[in-house]
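See below for the structure under consideration.
Along the sequence shown, residues are numbered consecutively beginning with 1.
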Amino acid sequence: GDHFEETLLDYDVHSNWGNWCSAAGMTGGRLNRFNIVKQSKDYDFGGDYVRLWCPELKDVPDKYVHEPWQMSEALMEECGVK
């Protein structure tokens, strides 16, 4: 945890340590398995947050911003994504 405390841009002691303990199964509660693509689509519908932290996706159409690997080679080239 110390490494992340020093390096994460969005570090929060309560969220991070609590979530890490829960993910490790140390809380005795249910075990969550997150689907990152689903979370991204649900909470960042237009891709603004993704584009903020991944500026190389700035020209990717909304339809593909959460799954750029789904684009055709031609569209990737058109958008400047490799």
Sort and list the pairs that fulfil salt bridge (Lys or Arg N to Asp or Glu O under 4.0 Å) and have at least one residue in residues 73-82, not counting sequence neighbours.
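Listed by first then second residue: nothing to list.
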Which pairs of donor and acceptor atoms, one on a side chain in residues 54-62, lie under 3.5 Å apart (sequence neighbours left out)?
from : atom 1 : to  : atom 2 : distance (Å)
D62  : OD1    : R51 : NH1    : 3.3
D62  : OD1    : R51 : NH2    : 3.0

Can you name the side chain to side chain donor-acceptor pair (under 3.5 Å) partners of [X], sequence neighbours left out?
X	answer
K38	D42
D44	none
D48	none

Just by distance, do the side chain of S40 and the backbone of I36 share a donor-acceptor pair under 3.5 Å?
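Not at all, since once roles are kept as given, no pair shorter than 3.5 Å links the two residues.
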Nearest 0.5 Å please: distance from the CG atom of L75 over to the NZ atom of K63.
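Between atom CG of L75 and atom NZ of K63 there are 9.5 Å.
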Considering all heavy atoms, the nearest M71-C79 contact:
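Heavy atoms of M71 and C79 come nearest at SD-SG, 4.5 Å.
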Cluster partners of L52, using ILVMFWY side-chain heavy atoms under 4.5 angstrom, listed by chain and number?
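Other cluster members: L9, Y49, W53.
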Under a 4.5 Å cut-off applied to non-hydrogen side-chain atoms, are N35 and Q39 in contact?
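No, too far: nothing below the 4.5 Å cut-off.
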